[in-house]
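Inspection log for the structure reproduced underneath, given as structure tokens.
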Amino acid sequence: MESPSLPVTAKDWTSTGLHRVLCMQGGEGDVSYVNNSDCQALAITLCKPILISSLQSIKLFTSPIIRIADLGCATGSNTFDTVDTVVETLRQLFTAVYGGGSLEFEAFFCDLPSNDFNMLFRLLSEKQKVDSAKYFASGVAGSFCDRLFPRGTIHVAVSLSALHWLSQIPEKVLEKGSRTWNKGKTWIEGAKKEVVDAYAEQSDKDLSDFLKCRKEEMVEGGVLFVLMGGRPSGSSSQFGDQDTRVKHPFTTTMEQAWQDLIDEGLIDEETRDGFNIPAYMRSPEEVAAGIDRIGGFKIEKMEYMKIVEYSDEKHEEWKKDPVSYGRARTNLVQAAIRPMVEVYLGVDLCDELFKRYENRVSTTREFLHITCFFGVVAFSAIRIE
């Protein structure tokens with residue numbers, strides 16, 4: 001059978017093309033990121049003490065304007081809550097030292113041009129109607145692997161649940177017949193070592209580019225706080241336990257759903273093999289090595305944490321209603337990758353893929369009795385000379 005006429009080819013995403021489609025699902029519908037980011041919110045809450053601790057030891061700037069950048073902001077309350085934390089912590093600190101004053105804050109919400117900035121600023125406008133404006137806000141469209149600001153202008157830079165997304169698909173994993181070809185899979189968990197190494201190489205490059213840019217943009221004494229998807233020290237897997245490997249949204253069920261489309265004659269294997277999820281979970285050692293390689297930052301604290309996918313109450317509720325569980329998990333994965341899948345397959349085939357994904361989750365009773373954890377690596381660092 002011939003491949004369907006696809007809106008893009010896999011090769012389009014091995015260079016600069018991915019930035020046009022890599023974004024969280026916009027709007028505020030059932031599959032939107034706004035309505036499917038509770039796990040990210042929990043991770044931010046658990047890691048907030050690391051951020052606050054770094055802010056409290058920050059160099060007291062003489063500038064009357066403190067500039068904050070959220071890199072990979074997406075949409076919704078997570079970005080607003082974090083910026084609020086930065087503003088409130090620094091305002092309290094400056095008040096304690098200087099007794100108040102006319103300190104002002106400017107917040108830059110940064111993401112790829114494909115991000116739903118309209119939704120972001122509509123939600124911010126609604127928030128500011130009930131919460132007095134604490135800062136001046138603006139949007140910056142661009143990749144955080146590139147320079148976004150003039151040299152030495154940013155005092156605090158944060159990046160939340162974004163840096164594990166790669167800037168492009170490694171070309172090597174699409175080279176048919178090569179040892180690095182990721183044939184039969186749509187991600188790297190369980191893939192050949194050569195495939196994982198290709199992703200790791202791209203991950204190292206992206207981290208280096210990110211740090212080089214922040215090194216230029218940030219003032220001496222500024223705080224960099226990053227929270228990203230990660231894996232535990234010493235793990236060759238993208239995860240730290242077998243249950244997570246089985247149940248993670250990008251692994252077993254995702255591969256089964258793509259295979260269902262093949263078995264039903266809706267796509268061929270070549271189409272499946274051309275789609276790779278551009279995400280890599282770094283270990284704390286990989287992050288530390290990247291910071292050391294680029295220089296200009298002193299790590300204040302770094303931690304690996306595990307975030308449970310859903311509360312115990314939710315688990316008990318879904319054991320009685322597996323259909324609702326399947327819908328919830330499918331909404332979660334669509335919030336993260338539907339924009340990419342839709343551009344790659346087209347709307348109709350994208351819908352078919354996620355229907356099969358939902359059916360697979362709803363009918364896999366095992367999922368209701370095991371727990372999936374999302375690993376994160378969080379670190380704070382100070383900009384030094």
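Side chains are part of it too, since the values below use all heavy atoms of this structure and drop only hydrogens, waters and symmetry mates.
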Q. Taking the side chain from Arg282 and the backbone from Leu163, do they hold a donor-acceptor pair closer than 3.5 Å?
A. yes

Q.
Measuring only between side-chain heavy atoms, which start at C-beta, is Ile291 closer than 4.5 Å to Ile299?
A. yes

(Q) Is there a path of hydrophobic side-chain contacts, each under 4.5 Å between heavy atoms, that joins Trp181 and Leu174? (A) no

Q: Take Arg91 and Asp84 through the test salt bridge (Lys or Arg N to Asp or Glu O under 4.0 Å) and record every step on the way to the result.
A: CA-CA 10 Å; Arg91 194 182 297 281; Asp84 284 348; over 6 Å; no

Q.
Pair Glu106, Ile66 - check side chain to side chain contact (heavy atoms under 4.5 Å, CB included), show working.
A. CA-CA 6 Å; Glu106 187 174 11; Ile66 301 299; over 6 Å; no

Q.
Minimum heavy-atom separation for Arg338 and Phe354, please, with both atom names.
A. NH1-CD1, 3.9 Å

Q.
Distance check, rounded to the nearest 0.5 Å: Leu90 atom CG versus Tyr135 atom OH?
A. 13.5 Å

Q | Residues Lys205 and Asp209 bridged, charged N to O under 4.0 Å | A | yes

**Q.** CA sep, side-chain torsions, deciding dist, call: Glu201, Lys172, side chain to side chain contact (heavy atoms under 4.5 Å, CB included)
**A.** CA-CA 11 Å; Glu201 182 180 331; Lys172 296 178 182 179; 3.0 Å; yes

Q. What's the spacing between Ile154 CD1 and Glu216 CD if we round to 0.5 Å?
A. 13.0 Å

Q) Can you check whether Ile262 reaches Asp268 side chain to side chain, under 4.5 Å on heavy atoms? A) no

Q) Out of curiosity, does Ile44 fall in the hydrophobic cluster containing Val87 (side-chain heavy atoms, cut-off under 4.5 Å, transitive links)? A) yes

Q) Is the ring centre of Phe149 less than 6.0 Å from the ring centre of Phe108? A) yes

Q) Between the main-chain N or O of Ile294 and the side-chain N or O of Lys215, is there a donor-acceptor pair closer than 3.5 Å? A) yes

(Q) Quick test of your reading: applying salt bridge (charged side-chain N to carboxylate O under 4.0 Å, His left out), list the pairs with at least one residue in residues 255-266, sequence neighbours left out, ordered by first then second residue. (A) Lys185-Glu255, Asp260-Arg360, Glu264-Arg356

(Q) Check the orientation of Phe374 and His248. Use parallel for under 30°, tilted for 30 to 60°, and perpendicular for over 60°. (A) perpendicular

Q.
Taking Glu189's backbone N and O only, do any of them form a donor-acceptor pair with Arg245's side chain (distance below 3.5 Å, no angle check)?
A. no

**Q.** Check: Ile169 and Val173 side chains under 4.5 Å, non-hydrogen atoms
**A.** yes

Q. Do side-chain atoms of Thr153 reach the backbone of Pro150 as a donor and acceptor pair under 3.5 angstrom?
A. yes

Q | Cluster link Val158 to Leu227, ILVMFWY, side chain under 4.5 Å | A | yes

Q. Is there side-chain contact between Met305 and Ile50, with at least one heavy-atom pair below 4.5 Å?
A. yes

Q.
So does Ala381 get a backbone contact from the side chain of Glu300, meaning a donor-acceptor N/O pair under 3.5 Å?
A. no

Q. Cys73 and Leu120: which non-hydrogen atoms are nearest, and at how many Å?
A. SG-CD2, 4.0 Å

Q) Short question: side chain of Thr186, backbone of Phe275 - any donor-acceptor pair under 3.5 Å? A) no

(Q) Quiz question: by atom type and distance under 3.5 Å, do the side chains of Ser167 and Asp206 form a donor-acceptor pair? (A) yes

Q. Among the clusters formed by ILVMFWY side chains lying less than 4.5 Å apart, do Val376 and Val226 turn up in the same one?
A. no

Q) Is the number of heavy atoms from other residues, nucleotides or ligands under 6.0 Å of Lys183 NZ greater than 12? A) yes

Q | Sub-4.5 Å side-chain heavy-atom contact between Lys301 and Ser53 | A | no

(Q) Can you tell me how the ring of Trp187 sits relative to the ring of Phe239, calling it parallel under 30°, perpendicular over 60° and tilted otherwise? (A) tilted

Q) With side chains defined as the heavy atoms from C-beta onward, is the minimum distance between Ser233 and Tyr304 less than 4.5 Å? A) no

Q. So, the side chain of Thr271 versus the backbone of Ile267: is there a donor-acceptor pair under 3.5 Å, distance only?
A. no

**Q.** Salt-bridge present (Lys134, Glu88; N to O < 4.0 Å)
**A.** yes

Q: Show your working on salt bridge (Lys or Arg N to Asp or Glu O under 4.0 Å) between Glu194 and Arg179 and close with a plain yes or no.
A: CA-CA 6 Å; Glu194 291 83 358; Arg179 292 182 62 83; 2.6 Å; yes

Q | Interatomic spacing from OG in Ser380 to CD1 in Ile52 - rounded to 0.5 Å | A | 11.5 Å

Q. With sequence neighbours excluded, what pairs up with His164 under the ring-ring contact (aromatic ring centres under 6.0 Å, His included) test?
A. none

Q) Arg214 side chain to Phe144 main-chain N or O, any donor-acceptor pair under 3.5 Å? A) yes

Q: Among Val83, Asn115, Val140, find the one that has a side chain to side chain contact (heavy atoms under 4.5 Å, CB included) with Phe109.
A: Val83

Q. What is the minimum heavy-atom distance between Pro113 and Ala141, and which atoms define it?
A. CA-CB, 4.1 Å

Q: Walk me through it: do Ile382 and Val223 pass the test side chain to side chain contact (heavy atoms under 4.5 Å, CB included)?
A: CA-CA 5 Å; Ile382 303 296; Val223 168; 3.7 Å; yes

Q) If you measure only the distance, is there a donor-acceptor pair under 3.5 Å linking the side chains of Ser237 and Ser235? A) no

Q. What closest approach, in Å, do Gly72 and Asp111 show between heavy atoms, and which atom pair accounts for it?
A. C-OD2, 3.4 Å

Q. Are Pro322 and Thr363 side-chain neighbours, meaning at least one heavy-atom pair lies under 4.5 Å?
A. no

Q | CE-CZ distance between Met218 and Arg67, expressed to the nearest 0.5 angstrom | A | 13.5 Å

Q. Does Thr364 reach the main-chain N or O of Glu366 with its side chain, forming a donor-acceptor pair under 3.5 Å?
A. no

(Q) Using a 3.5 Å distance criterion without hydrogens, assess whether the side chain of Thr244 forms a donor-acceptor pair with backbone atoms of Phe373. (A) yes

Q) Roughly how far, to the nearest 0.5 Å, is the NZ atom of Lys355 from the CG atom of Leu261? A) 11.0 Å

Q. Just wondering, do Phe80 and Leu123 contact through their side chains at under 4.5 Å, heavy atoms?
A. yes

Q) At what distance, to the nearest 0.5 angstrom, does OH of Tyr280 lie from CG of Leu207? A) 11.0 Å

Q) Do Met302 and Leu46 belong to the same hydrophobic cluster, where Ile, Leu, Val, Met, Phe, Trp and Tyr are linked whenever their side-chain heavy atoms lie under 4.5 Å apart, directly or via other members? A) no

Q. Can you list every salt bridge (charged side-chain N to carboxylate O under 4.0 Å, His left out) pair that touches residues 284-295, not counting sequence neighbours?
A. Arg231-Glu286

Q | Atom of Tyr199, atom of Ile277 and distance for their closest heavy-atom approach | A | OH-O, 3.0 Å

Q: Could you check Trp258 against Leu353 for side chain to side chain contact (heavy atoms under 4.5 Å, CB included), going step by step and ending with a plain yes or no?
A: CA-CA 7 Å; Trp258 282 89; Leu353 175 72; 3.8 Å; yes

Q) Going by the angle between their ring planes, with limits at 30° and 60°, are Phe117 and Phe121 parallel, tilted or perpendicular? A) parallel

(Q) If you compare all heavy atoms of Thr75 against all heavy atoms of Asp116, which two are closest, and at what distance to 0.1 Å? (A) CG2-O, 3.2 Å

